[in-house]
Amino acid sequence: MYNIKEYTSLIRERLSDYRFYHSLCVAQSAKELARQYGADEEKAEVAGILHDIMKESSESEQLEIIKKAGMTITDLEKSSKKFYHQISGSAYAKAVLGIDDREILDAIRYHTTGRADMTLMDEIIYLADFISADRDYDDVDIMRRKVEESKEQGLLYAAQYTIKSVIKKGKILHPETVNAYNWLIRTYFSNKK
């Protein structure tokens with residue numbers, strides 16, 4: 001149904017060697033997580049390969065594709081370019097590639113921030129981006145262990161890690177990340193002491 005080879009060629013043209021390799025690794029991790037959790041492996045691979053397609057594009061190109069796709073960007077998101085690529089990546093998949101599958105589009109759209117009420121596909125891409133084979137940040141081994149323990153433990157650790165990291169850097173914390181954390185606590189951990 002989807003042409004992974006075409007998408008791979010496309011990101012090869014659009015991304016640096018580093019980001020291209022990262023995208024391949026995320027796609028592989030997403031496919032493995034989809035298999036583990038009973039999700040559609042092809043959709044996970046597509047979302048994984050395309051999740052950073054706009055990461056290295058100019059601000060003006062990203063804003064243009066967001067507008068073309070009929071999507072919106074909040075004032076808070078406009079104030080931090082870090083948030084652009086997840087929105088513009090989803091917009092690119094929709095407007096340029098003609099992907100209309102909401103699972104894929106939303107998984108790309110929320111892969112950095114997470115959100116409340118994440119779908120299984122959202123969760124898979126969010127986690128795959130954290131644990132892909134190329135990742136080497138300080139807590140990556142802990143993150144991978146948490147994901148091995150359970151999807152829920154991995155999601156919670158990822159949200160906590162993001163919140164702490166953003167606060168420590170004095171950067172803008174997206175409300176969707178806070179919403180994701182609160183949703184995870186309410187949904188998976190509120191009955192545990």
* To do: Determine, stepwise, if the pair Lys82 / Lys171 fulfils side-chain contact (heavy atoms from CB on, under 4.5 Å).
  => CA-CA 10 Å; Lys82 178 174 175 51; Lys171 300 288 185 182; over 6 Å; no

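- Shortest non-hydrogen contact noted between Glu176 and Ala116 is OE1-N, 4.1 Å.
- Using a 4.5 Å cut-off on side-chain heavy atoms (C-beta onward), His111 and His85 make contact.
- Side-chain contact between Leu24 and Gln28: absent, with no pair of heavy atoms (C-beta onward) separated by less than 4.5 Å.
- Glu56 places a side-chain heavy atom less than 4.5 Å from the side chain of Ser16.
- Between the CG atom in Leu105 and the CD1 atom in Ile87 there is a gap of 13.5 Å [rounded to 0.5 Å].
- For Tyr161 and Tyr137, the ring centers sit closer than 6.0 Å to each other.
- The shortest non-hydrogen separation linking Ala47 to Ala107 is CB-CB, 4.2 Å.
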* To do: Could you check Asp139 against Arg144 for salt bridge (charged side-chain N to carboxylate O under 4.0 Å, His left out), going step by step and ending with a plain yes or no?
  => CA-CA 9 Å; Asp139 283 10; Arg144 289 178 179 137; over 6 Å; no

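- Checked against salt bridge (Lys or Arg N to Asp or Glu O under 4.0 Å), Glu59 has the following partners two or more places apart in sequence or in another chain: Lys81.
- Note on Asp122 versus Arg109: no salt bridge recorded, every NZ/NE/NH1/NH2 to OD/OE distance being 4.0 Å or above.
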* To do: Decide side-chain contact (heavy atoms from CB on, under 4.5 Å) for Trp183 and Met118; before the verdict, give the C-alpha distance in whole Å, the side-chain angles of both, and the deciding distance to 0.1 Å.
  => CA-CA 9 Å; Trp183 171 73; Met118 283 192 273; 3.9 Å; yes

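- By the rule that hydrophobic residues join a cluster once side-chain heavy atoms approach within less than 4.5 Å of another member, Leu127 and Leu184 end up as members of one cluster.
- A 4.5 Å side-chain heavy-atom check between Gln153 and Glu148 finds every atom pair outside the cut-off.
- A distance of 11.5 Å separates OG of Ser88 from CD of Glu64, quoted to the nearest 0.5 Å.
- Between Val166 and His174, the closest side-chain pair of non-hydrogen atoms is not below 4.5 Å.
- Follow the hydrophobic side-chain contacts under 4.5 Å out from Met121 and you never reach Ile108; the two are in separate clusters.
- Looking only at atom types and distance, the side chain of Glu77 has a donor-acceptor partner in the side chain of Thr74 under 3.5 Å away.
- For the pair Ser29 and Ala128, the tightest heavy-atom approach, listed with the atom from each and the gap, is CB-CB, 3.8 Å.
- Residues Asp106 and Arg115 meet the side-chain proximity criterion, which asks for heavy atoms closer than 4.5 Å.
- Ile142 and Val140 fall within the same hydrophobic cluster, defined by Ile, Leu, Val, Met, Phe, Trp and Tyr side-chain heavy atoms under 4.5 Å apart, directly or through other members.
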* To do: For the pair Glu41 and Arg35, evaluate salt bridge (charged side-chain N to carboxylate O under 4.0 Å, His left out) and give the outcome as yes or no after the intermediate values.
  => CA-CA 6 Å; Glu41 292 178 40; Arg35 186 177 308 120; 3.2 Å; yes

* To do: Could you please spell out the steps behind the side-chain contact (heavy atoms from CB on, under 4.5 Å) verdict for Tyr181 and Leu156?
  => CA-CA 7 Å; Tyr181 172 80; Leu156 181 62; 3.7 Å; yes

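- Applying side-chain contact (heavy atoms from CB on, under 4.5 Å) to Phe20 and the options Asp52, Ile11, Ile49 leaves one that passes, Ile11.
- Both Ile167 and Tyr157 are assigned to one and the same hydrophobic cluster, defined by single-linkage of ILVMFWY side chains at heavy-atom distances under 4.5 Å.
- Clustering ILVMFWY residues whenever any of their side-chain heavy atoms sit less than 4.5 angstrom apart, transitively, puts Ile163 in the very cluster that holds Phe130.
- A salt bridge between Asp40 and Lys31 is absent, with no side-chain N of the basic residue lying under 4.0 Å from a carboxylate O of the acidic one.
- In this structure, the side chains of Tyr84 and Leu63 come closer than 4.5 Å at one or more pairs of heavy atoms.
- At a cut-off of 3.5 Å, with distance as the only test, no side-chain donor of Glu32 or Gln36 sits close to an acceptor on the other residue.
- Within the 3.5 Å criterion, the main-chain N or O of Thr177 finds no donor-acceptor partner in the side chain of Thr113.
- Atom CG of Asp129 sits about 13.5 Å away from atom CD1 of Ile124, to the nearest 0.5 Å.
- Contacts of Lys43 classified as salt bridge (Lys or Arg N to Asp or Glu O under 4.0 Å), with partners at least two apart in sequence or in another chain: Asp101, Glu103.
- When all heavy atoms of Tyr7 and Val46 are compared, the closest pair comes out as CE1-CG1, 3.9 Å.
- Residue-environment remark: CD (Glu152) exceeds the threshold of 12 foreign heavy atoms within 6.0 Å.
- Across every non-hydrogen atom of Leu173 and Leu76, the tightest pair is O-CD1, 4.5 Å.
- Atom OH of Tyr92 is separated from atom NZ of Lys68 by 9.0 Å, given to the nearest 0.5 angstrom.
- Taking OH from Tyr188 and NZ from Lys151, the interatomic distance works out to 3.5 Å, rounded to the nearest 0.5 Å.
- For Gly89 against Ile53, the heavy-atom pair with the smallest separation is CA-CG2, 3.9 Å.
- Proximity of Val26 to His22: side-chain heavy atoms (C-beta onward) are separated by under 4.5 Å at one or more points.
- Note that the CD1 atom of Ile4 and the CG atom of Leu10 stand 12.0 Å from one another [nearest 0.5 Å].
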* **Steps toward side-chain contact (heavy atoms from CB on, under 4.5 Å) verdict (Ile99, Tyr2)** => CA-CA 9 Å; Ile99 295 173; Tyr2 297 101; 4.3 Å; yes

